[in-house]
Number of protein chains: 2
Amino acid sequence: MIAEELLLEFGAEVITYAKEDYLFEEGKKAHYYFQVKSGEVKMNNINAQGKEFIQSIFSCPRSFGEPPLFSDIPYPANAIAVTKAEVYRLKKEVFLELLLNYPQVHLSVTRGMAKRLYYKAIMASEISSEDPEHRILTLLDYLKEDVHQLTEPFSFKVNLTRQQIADLSGLRVETVIRATKSLEKKEELKIKNRKLYR
Amino acid sequence: MIAEELLLEFGAEVITYAKEDYLFEEGKKAHYYFQVKSGEVKMNNINAQGKEFIQSIFSCPRSFGEPPLFSDIPYPANAIAVTKAEVYRLKKEVFLELLLNYPQVHLSVTRGMAKRLYYKAIMASEISSEDPEHRILTLLDYLKEDVHQLTEPFSFKVNLTRQQIADLSGLRVETVIRATKSLEKKEELKIKNRKLYR
DNA sequence: TTAAATTTATGACTTAGGTCATAAATCATG
DNA sequence: CATGATTTATGACCTAAGTCATAAATTTAA
């Protein structure tokens, strides 16, 4: 995350996207630094059979899509607005210039990438090795503790649909529905009018 | 990767690990920057049922385990020597000091993390959505093109065991054996005395 | 140079989670 | 506020990949 004032000072634009709009596409080169101002943006892949995998969902003030700005790699996934969203957009060259002038900002960008690498490492291992209930709990605990910094039992209200949980954890929606019901019985989750609490 | 001279100038030690030695453990705090001088190091997770997932295998001159140096997160996986290995080790505080003094080095470390994030994004999507043959080809193509910079067909000799391919792609060794044989029939791979070529 | 360990190989079988069909409940929108 | 779209729900069934057993080929180390 980069402070709004600094972004604007360096000439960042604010762009408004409608729900379902693409911000960039898998395989394309990166030209901008992006940071959410309002709304939600997801990065995803769609395979040949139409199955979706959500890499991550970003809301204010998270940035995304930086890796290809640093290295000669294309975007590994699409970025799509989950809701109507406003996004700061800064030209690649200006962004890199900014990092050189503000080492502390560079460090905080690096910190952000470090956290995402941590999340990806955890989820890759989960998806590869764990059963549905374990995967879902790991995902929700990550969101609860690392993103929302909550500790109290059932203090985290999950604002994801069962389908989104499925697409984040490599499962099918029916499996998530069955697994969350089973987790409720085991008192690992609460379900209050269809919303999950962890 | 940081130049050897610079590492030594900042007081890096060279540590020799025997095959199977642990360099650090999942869940622990990070105190050092690591960079391979010789041999191979893997980062992995072992689940409750004993199944292994290999996050990555590193050889000279790759660094690994940086993310927890930047952010207050623990190691998401173990680091274990795959072969006898020599590793540069630099204290966390000195490493961060080095980055502040050498912005270009900081940028190259960021670049390295960006590439790993790219790899993880690709493999997470593969493991979540693709069948065994697709996963294996994507893994091998990544290693061939992005790590070894090879382009000629079958110019990449894979020096991984079937078991390592399985643990990198979330499959079982029998599945990898059957899938690679099938890929050989389809002329996507060559197998010359048990070695894979892509 | 031999014995032990590892790696590759193959067949039979089992099963977890996916697939498909259908529907109720809830939400969003004109 | 009515209607169409989305989300949650449930049962039946199916299949890809995992599991298990066994063995041959190769590599390692003693």
Side-chain angles (χ1 to χ4, degrees), chain A residues 18-20 39-40 42 47-54 57 82-84 126-137 139 157-185 189-197, chain B residues 18-20 39-40 42 47-54 57 80-84 126-137 139 157-185 189-197:
Chain A
K19 188 175 171 172
E20 304 298 322
E40 289 188 329
K42 70 181 171 185
N47 81 355
Q49 291 80 246
K51 188 186 174 193
E52 177 173 8
F53 175 70
I54 301 180
I57 298 181
V82 175
T83 62
K84 178 174 191 274
E126 285 289 321
I127 294 173
S128 152
S129 306
E130 302 292 356
D131 59 53
E133 296 187 14
H134 197 287
R135 288 193 214 184
I136 292 169
L137 286 185
L139 169 66
K157 179 180 178 181
V158 181
N159 73 332
L160 293 168
T161 65
R162 309 288 193 275
Q163 183 67 61
Q164 287 173 327
I165 293 173
D167 294 341
L168 283 160
S169 61
L171 297 167
R172 319 275 6 185
V173 65
E174 297 93 332
T175 304
V176 170
I177 288 166
R178 294 188 243 255
T180 48
K181 295 213 147 184
S182 160
L183 286 167
E184 189 194 22
K185 270 210 198 85
L189 285 181
K190 281 198 174 142
I191 306 185
K192 235 186 291 178
N193 51 342
R194 316 168 106 212
K195 283 286 166 206
L196 301 180
Y197 293 81
Chain B
K19 188 176 171 172
E20 303 298 322
E40 289 187 331
K42 69 180 171 185
N47 81 355
Q49 291 80 246
K51 189 188 174 192
E52 177 172 9
F53 176 70
I54 301 180
I57 299 180
I80 302 175
V82 175
T83 62
K84 178 176 191 273
E126 285 289 323
I127 294 172
S128 153
S129 307
E130 302 291 358
D131 60 52
E133 296 186 13
H134 197 286
R135 290 193 213 184
I136 292 169
L137 286 185
L139 170 66
K157 180 180 180 182
V158 181
N159 71 334
L160 294 168
T161 65
R162 307 289 192 275
Q163 183 66 60
Q164 288 174 325
I165 294 174
D167 294 341
L168 282 161
S169 61
L171 297 167
R172 317 275 8 185
V173 65
E174 297 93 331
T175 303
V176 170
I177 288 165
R178 293 188 245 257
T180 48
K181 293 213 146 181
S182 160
L183 286 167
E184 188 194 22
K185 268 209 198 85
L189 286 181
K190 280 195 176 147
I191 306 184
K192 234 186 288 176
N193 53 344
R194 319 167 103 211
K195 283 284 166 208
L196 302 180
Y197 293 82

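Convention: sequence-line order gives letters A, B, ...; per-chain numbering from 1. All figures in this text were calculated on a predicted structure; none of them were measured in a lab.
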Task: Nearest-0.5 Å distance that lies between atom OG in B:Ser128 and atom CD in A:Glu52 - done: 10.0 Å
Open item on the list: So, OP1 or OP2 of C:dG18: does either fall under 4.0 Å of a side-chain N or O from A:Thr175?
Closed with: yes
Open item on the list: Rounded to whole Å, please give me the gap between CD in B:Gln164 and C1' in C:dT6.
Closed with: 12 Å
Task: Heavy-atom pair of closest approach, residues A:Thr180 and A:Ile191 - done: O-CD1, 4.1 Å
- [ ] Assess whether one donor atom and one acceptor atom, taken from the side chain of B:Arg194 and the base of C:dT7, lie less than 3.5 Å apart.
- [x] yes
Open item on the list: Of the options D:dG11, C:dT8, D:dT8, whose atoms approach the side-chain atoms of B:Val173 most closely?
Closed with: C:dT8
Task: Candidate pair A:Leu196 and A:Glu184, rule side chain to side chain contact (heavy atoms under 4.5 Å, CB included), full reasoning - done: CA-CA 9 Å; A:Leu196 301 180; A:Glu184 189 194 22; over 6 Å; no
TODO: Could you work out which one of D:dT19, D:dT8, C:dT19 sits closest to the side chain of A:Ile177?
DONE: D:dT8
TODO: Take the protein atom NZ of A:Lys192 and the nucleotide atom C1' of C:dT26, then report the distance between them rounded to whole Å.
DONE: 18 Å
Open item on the list: Classify B:Asp131 by what it touches in the nucleic acid, base, sugar-phosphate, or nothing, heavy-atom distance under 4.0 Å.
Closed with: sugar-phosphate
Open item on the list: Whether B:Lys51 contacts D:dG18 is assessed here as follows: a side-chain N or O lying under 4.0 Å from the phosphate OP1 or OP2. Is that the case?
Closed with: no
Open item on the list: Please check this pair: side chain of B:Thr83 against backbone of B:Glu40, looking for a donor-acceptor N/O pair closer than 3.5 Å.
Closed with: yes
Task: Proximity to the side chain of A:Arg178 - top-ranked nucleotide from C:dC20, C:dA25, C:dT10 - done: C:dC20
Open item on the list: Applying a 4.0 Å non-hydrogen cut-off, can you work out what A:Arg172 is touching in the nucleic acid: base, sugar-phosphate, or nothing?
Closed with: sugar-phosphate
Open item on the list: So if I apply the side chain to side chain contact (heavy atoms under 4.5 Å, CB included) rule between A:Leu183 and each of A:Glu133, A:Lys190, A:Arg178, which one comes out positive?
Closed with: A:Glu133
Open item on the list: Can you tell me which nucleotide in C:dT19, D:dT8, D:dT19 comes closest to the side chain of A:Glu174?
Closed with: C:dT19
Task: Rounded distance in Å - NZ (B:Lys84) to P (D:dA29) - done: 13 Å
Task: Atom-pair distance (CZ on B:Arg162; C1' on D:dT27), nearest Å - done: 14 Å
Open item on the list: Output the rounded distance in Å from CG (B:Leu189) to C1' (C:dT8).
Closed with: 15 Å
Task: For atom CG of B:Leu196 and atom P of C:dT7, their distance in whole Å - done: 14 Å
Open item on the list: If I take atom CD in residue A:Glu126 and atom C1' in nucleotide C:dG17, what distance separates them, rounded to the nearest angstrom?
Closed with: 16 Å
TODO: With DNA chain C as reference, determine whether A:Arg135 or B:Gln163 sits nearer its 5' end, using the nearest nucleotide of each.
DONE: B:Gln163
Open item on the list: In this structure, how many angstroms lie between the P atom of D:dA9 and the CG atom of A:Leu183, rounded?
Closed with: 13 Å
